[in-house]
2 protein chains.
Amino acid sequence: MLQVLQAEFADVTISKIRFLEAEGLVTPARTAAGYRKFSASDVERLRYVLTAQRDQYLPLKVIKEHLGAMDRGLRPTPGGPPAAPQAAEPAGLPVAEDFGADRTELKLTREELRAAAGIDEALLEQLESHQLIVARGNHYDGDAILVAKAAAQFGQYGVEPRHLRPFRAAADREVGLIEQVTGPRRTERTQELAALAVRLHAALVRSRLPR
Amino acid sequence: MLQVLQAEFADVTISKIRFLEAEGLVTPARTAAGYRKFSASDVERLRYVLTAQRDQYLPLKVIKEHLGAMDRGLRPTPGGPPAAPQAAEPAGLPVAEDFGADRTELKLTREELRAAAGIDEALLEQLESHQLIVARGNHYDGDAILVAKAAAQFGQYGVEPRHLRPFRAAADREVGLIEQVTGPRRTERTQELAALAVRLHAALVRSRLPR
DNA sequence: TCAACCCTCGACCAGCGGTTGAGGCCGCCA
DNA sequence: TGGCGGCCTCAACCGCTGGTCGAGGGTTGA
């Protein structure tokens with residue numbers, strides 16, 4: 001139960017979560033026996049907390065205010081307190097490895113995608129030409145933002161989209177494997193297997209890193 | 001002398017300034033007798049420190065880095081961190097799924113590994129034969145546990161180690177890419193890139209999952 | 001000369017963000 | 001059916017950050 005969370009973000013410990021709960025930052029449901037039960041949105045919330053802490057050095061007190069504001073229908077902003085509701089600016093939202101999230105259901109225009117990921121047209125074109133990002137109809141989903149952001153960060157290290165093609169190939173193979181097991185429709189098992197695949201991948205990469 | 005500063009920011013005390021000096025955030029000149037003498041730029045600096053602290057909750061360590069970067073000629077941003085020479089990602093830069101964790105430093109015997117992951121000898125042998133797990137000397141590290149657990153879970157879906165070989169190949173390719181960028185030694189950047197690779201991978205897998 | 005202000009240096013402190021450990025319940029597997 | 005791992009709570013403890021305080025002493029100016 002906790003394993004899943006641990007695999008997804010490695011520096012979360014059980015005591016940290018308990019602490020965060022005690023501070024009122026998450027409130028997981030409980031089983032009849034009193035065990036914590038984390039919903040997809042709890043995980044989303046935790047990811048928001050952890051990334052805000054790490055990337056923006058925000059104290060928990062402030063993060064808590066942000067979450068509270070978000071709960072009351074405001075939008076999170078990349079840096080600074082939550083702002084009033086605005087058009088579509090999903091940037092800064094928790095970047096979740098949460099396979100049940102409804103981020104998939106976002107529908108972004110090309111412009112919105114670029115704005116959200118902070119990338120320029122040239123990069124987006126390259127990403128599409130290598131099929132790292134693919135439009136559905138003429139919209140993009142939330143995963144496209146994540147891909148674009150990651151690609152942009154790779155760019156800062158001099159890694160270009162064409163170098164990233166093996167990632168696409170690997171993802172395709174994994175998805176193929178998953179579909180062989182669970183069939184061509186997206187079910188809960190599909191999502192479980194996807195999470196599993198990502199965990200395996202992460203562990204393998206880490207295990208092969210130079211010492 | 002200090003009065004001037006006090007008038008400008010209410011909550012600056014003399015001891016706070018002494019503390020900030022001790023931390024290397026300001027270095028006012030001294031009079032012959034050893035008294036601090038604040039130049040206009042010292043005051044400016046202090047203003048930056050105090051506002052960054054108050055408005056952005058930045059820890060002094062980070063503020064100090066920003067000041068250092070500004071000293072080295074980077075653009076001083078009004079109410080924000082100095083921008084890197086070229087367009088950098090706003091916030092959310094490095095990530096770490098804890099690629100620096102000391103899990104790597106575990107040394108497990110074969111038995112310990114099997115016990116920790118809850119797998120049997122046969123499975124472990126298969127994993128080794130496909131090089132999903134590799135011993136170092138005759139010990140295994142903590143990542144091996146994660147790999148083994150994930151493989152065991154795949155097993156429950158009928159996915160066997162040999163089906164997982166593409167994962168190994170993908171991980172190897174990614175590590176190869178990372179090493180090309182950061183060299184063959186493990187540094188902080190290696191770990192950042194590894195985390196980045198895993199995130200990209202996760203986003204790609206998700207984006208390709210059936211709807 | 002003396003009050004008012006500055007200096008240094010070491011001790012001390014409060015709050016934050018957790019970790020640890022004791023003592024106990026849950027659930028599964030042998 | 002009992003043993004064992006994993007989760008639970010609650011209280012104590014911990015290390016780090018960001019300072020404050022006080023003793024002991026020099027400087028300045030009326």
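Below, chains carry the letters A, B, ... as their sequence lines are ordered, and counting in each starts from 1.
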(message) Can you see if the side chain of A:R30 gets near the phosphate of D:dT9 - specifically, an N or O under 4.0 Å from OP1 or OP2?
(response) yes
(request) List the steps and the verdict of side chain to side chain contact (heavy atoms under 4.5 Å, CB included) for B:V49 and B:L67. (result) CA-CA 9 Å; B:V49 171; B:L67 285 171; 3.8 Å; yes
(message) Using whole Å, what does the distance between atom P of nucleotide C:dG18 and atom CD of A:E21 come to?
(response) 15 Å
(request) Using atom NZ of A:K64 as one end and atom P of C:dG18 as the other, report the distance to the nearest whole Å. (result) 15 Å
(request) Tell me, please, which residues at least two apart from A:E21 pass side-chain hydrogen bond (donor to acceptor under 3.5 Å, both in side chains). (result) A:R30, A:R36
(request) Please check if the side chain of B:T190 supplies one atom and the backbone of B:R185 the other of a donor-acceptor pair under 3.5 Å. (result) yes
(request) Working to the nearest 0.5 Å, report the span between CZ of B:R114 and CD of B:E121. (result) 5.0 Å
(request) Treat primed atoms plus P, OP1 and OP2 as sugar-phosphate and everything else as base, then score nucleotides 18-30 of chain D 5' to 3': B for base contact with protein heavy atoms under 4.0 Å, S for sugar-phosphate contact only, - for none. (result) BBS-----BBS--
(request) Please state whether the rings of A:H201 and B:H201 are parallel, tilted or perpendicular, taking 30° and 60° as the class boundaries. (result) parallel
